[in-house]
2 protein chains.
Amino acid sequence: MAQKKIKPIGTRKAKSDIRNKIFDFKREQILEVSERLFYHRGFQATTLDIIAEELGVTKPFIYYHFKNKRSILLHLLERTMGKYHDVFAGVDVESGKPEVILKDLVQRFTLVVIETRVSTAMFWRDEKDLPLDRKEKIRDMKRDVDNKLTRVIERGIDDGIFDVKDPKMASLCVAGMVTWTYTWYQADGRSTPDEIADRMTEYVLNMVGIRK
Amino acid sequence: MAQKKIKPIGTRKAKSDIRNKIFDFKREQILEVSERLFYHRGFQATTLDIIAEELGVTKPFIYYHFKNKRSILLHLLERTMGKYHDVFAGVDVESGKPEVILKDLVQRFTLVVIETRVSTAMFWRDEKDLPLDRKEKIRDMKRDVDNKLTRVIERGIDDGIFDVKDPKMASLCVAGMVTWTYTWYQADGRSTPDEIADRMTEYVLNMVGIRK
DNA sequence: ATTAAATTATACTTTATAGTATATTTTTTA
DNA sequence: TAAAAAATATACTATAAAGTATAATTTAAT
């Protein structure tokens, strides 16, 4: 028998609104718990039994909602990728004042790092557990961010507003200091995300030697 | 029988110089191969069979030289910790010109990150696979670096040489941009470690608003 | 050269965990 | 309310990988 049971994973028929909402809610719960556990213990070290126990269900419950362990990670990272994409896609680095664009980029960037700090940490730690094509998508995204930063810094230099050498490396440094936030941000810390983002923009503008 | 066989792991009797050197060399080889594999595949995903195969030996060979898998990771990180320690221990942040000290700190910091980029990556990825006391040692080291940076930035502000808000956060940002180097540095890239370190110090001094 | 010690391999055990076949319960539909 | 479908659990299999008992081999000591 070559036929396999088809599980209602992913897209499902629109039957009853409420039932679909319940289904989605369950998936959501699985994702939330998994994210927390993956973050604290790492992907490999987090067993499905632990996730199940944490949810108060059994393993097949999870397999009913997700194809396998890896697909849970995939969903989490895919979603975070989406947030990064939304944040950066809207910024046009080719027009407008460079100092304004750079400030905007860093501000948005910082806020999304803080918002997604748990899965952002996973980008840098559990990336290797992803299939090749996803790894490449992540790389592309990173490159896109770096390129946008580089471009706007270059424009600022051309306009004589910024004074900094090697815009490419400067971008990597900006990306570094912003991304690094995921390692030290504390929700109960003394600064709010907005305050941090503001400071971050000051530092970056200083760094690129903005003409005051 | 409560007696257990005692394996010659770690410290050994000084019998013959050449033999000890061979022994150390083998441990060294195991560490090198393991480091490369841990880096590329992650600690958990690297099996001892893979390490053994890569070395062209069998598993008991490795167990003869190391207590277990974790102790290999431990040795690698311990050694890297030592390098970080050596680099920072020599710097006195309480005396001398702040701009000189900061420059020196960033320079050393950048070079050691590049030199130890493989195991530095492991600090941030496989830390959770360490026993608690080691994790704490690593945290302490990080804190020490941040504190040194903070202190020197504060001194610079007091002296009216630097102009930057929130020295604590500035330090975290400096640590971030420097550490981040491990993600993008390429041995065959267009810049040498020294060039990168020099650029990095320029960026940092700009960032803290040095009076030129 | 013979014995003892050190080193390495063969072949095994144990354990943990991803994943599944099947039964049971719950919910929906007619 | 009976039948069908969906959702969840019980109890299992398969497998990978850490770690080890023991044998074989190599090296050193007398």
Side-chain angles (χ1 to χ4, degrees), chain A residues 1-30 34 37-38 41-74 126 129 131, chain B residues 1 3-30 33-34 37-38 41-74 126 129 131:
Chain A
M1 49 153 89
Q3 283 297 74
K4 288 195 93 180
K5 254 193 296 183
I6 292 160
K7 288 181 186 172
I9 290 166
T11 49
R12 23 195 347 258
K13 293 266 176 61
K15 289 206 171 171
S16 126
D17 219 34
I18 178 74
R19 289 196 54 214
N20 279 333
K21 276 180 185 167
I22 290 169
F23 186 85
D24 289 343
F25 179 75
K26 287 175 190 166
R27 281 172 66 95
E28 209 44 52
Q29 291 300 106
I30 294 171
S34 302
L37 292 172
F38 288 164
R41 319 171 60 116
F43 176 71
Q44 301 243 8
T46 304
T47 73
L48 281 164
D49 286 306
I50 294 173
I51 299 175
E53 199 191 330
E54 192 74 14
L55 282 162
V57 296
T58 58
K59 232 179 340 187
F61 176 94
I62 297 170
Y63 279 97
Y64 187 74
H65 293 273
F66 288 93
K67 189 160 156 278
N68 52 33
K69 188 180 168 185
R70 183 183 265 194
S71 85
I72 299 176
L73 180 64
L74 227 74
D126 297 314
D129 294 308
Chain B
M1 49 153 90
Q3 283 298 73
K4 288 195 94 181
K5 253 192 297 184
I6 291 157
K7 289 180 185 173
I9 290 165
T11 49
R12 25 196 344 258
K13 292 264 174 63
K15 290 205 171 171
S16 126
D17 219 33
I18 178 73
R19 289 195 56 214
N20 278 334
K21 276 179 184 167
I22 290 169
F23 186 85
D24 288 344
F25 180 75
K26 287 174 189 166
R27 280 172 67 95
E28 209 43 55
Q29 291 299 108
I30 294 171
V33 167
S34 301
L37 292 172
F38 289 163
R41 319 171 60 117
F43 176 72
Q44 300 243 6
T46 304
T47 73
L48 281 164
D49 285 306
I50 295 175
I51 299 174
E53 200 191 330
E54 193 75 13
L55 282 162
V57 296
T58 58
K59 232 177 343 185
F61 176 94
I62 297 171
Y63 279 99
Y64 185 74
H65 293 272
F66 287 93
K67 189 159 156 278
N68 53 33
K69 188 180 168 185
R70 185 183 263 193
S71 87
I72 299 177
L73 180 64
L74 226 74
D126 297 314
D129 294 308

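Each chain gets a letter, A, B and so on, in the order its sequence line appears, and its residues count up from 1.
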- request: Please confirm whether the backbone N or O of A:L37 pairs with a side-chain atom of A:T46, one donor and one acceptor, at under 3.5 Å?
  value: yes

Separation of C:dG19 atom C1' from A:I72 atom CD1, nearest Å, is 12 Å

Requested in this report: Using the six-membered ring of A:F43, assess whether NZ or CZ of A:K69 lies under 6.0 Å from its centre and within 45 degrees of the ring axis.
Outcome: yes

Here the distance between atom C1' of D:dA7 and atom CD1 of A:I62, to the nearest Å, is 14 Å

Can you tell me if A:N68 uses its side chain to pair, donor with acceptor, with the backbone of A:S71 under 3.5 Å?
yes

Taken to the nearest 0.5 Å, the spacing of B:R27 CZ from B:S34 OG works out to 11.5 Å

**Request:** Specify whether B:Y64 and B:F23 have parallel, tilted or perpendicular ring planes, treating 30° as the upper limit for parallel and 60° as the lower limit for perpendicular.
**Result:** perpendicular

Taken to the nearest 0.5 Å, the spacing of A:I62 CD1 from A:Q29 CD works out to 12.0 Å

B:L55 atom CG is separated from C:dT7 atom C1', nearest whole Å, by 15 Å

Between A:I22 and A:T46, the residue closer to the 5' end of DNA chain C by nearest nucleotide is A:T46

Rounded to whole Å, the NZ-C1' distance (A:K21 to D:dA6) equals 20 Å

Salt-bridge test for B:K59 and B:D49: reply yes if a basic N is under 4.0 Å from a carboxylate O, no otherwise. yes

note: B:E53, atom CD; D:dA16, atom P; distance rounded to Å ~ 14 Å

Readout for nucleotides 8-17 of chain C: B = base within 4.0 Å of protein heavy atom, S = sugar-phosphate only, - = neither; 5' to 3' it is BBB------S

Distances under 3.5 Å between protein N/O atoms and the N/O atoms of nucleotides 25-27 of chain D, please, pair by pair.
none

Whole-Å distance, A:I51 CD1 to C:dA18 P, equals 8 Å

Open item on the list: Tell me whether B:E53 at atom CD has more than 12 heavy atoms from other residues, nucleotides or ligands lying less than 6.0 Å away.
Closed with: no

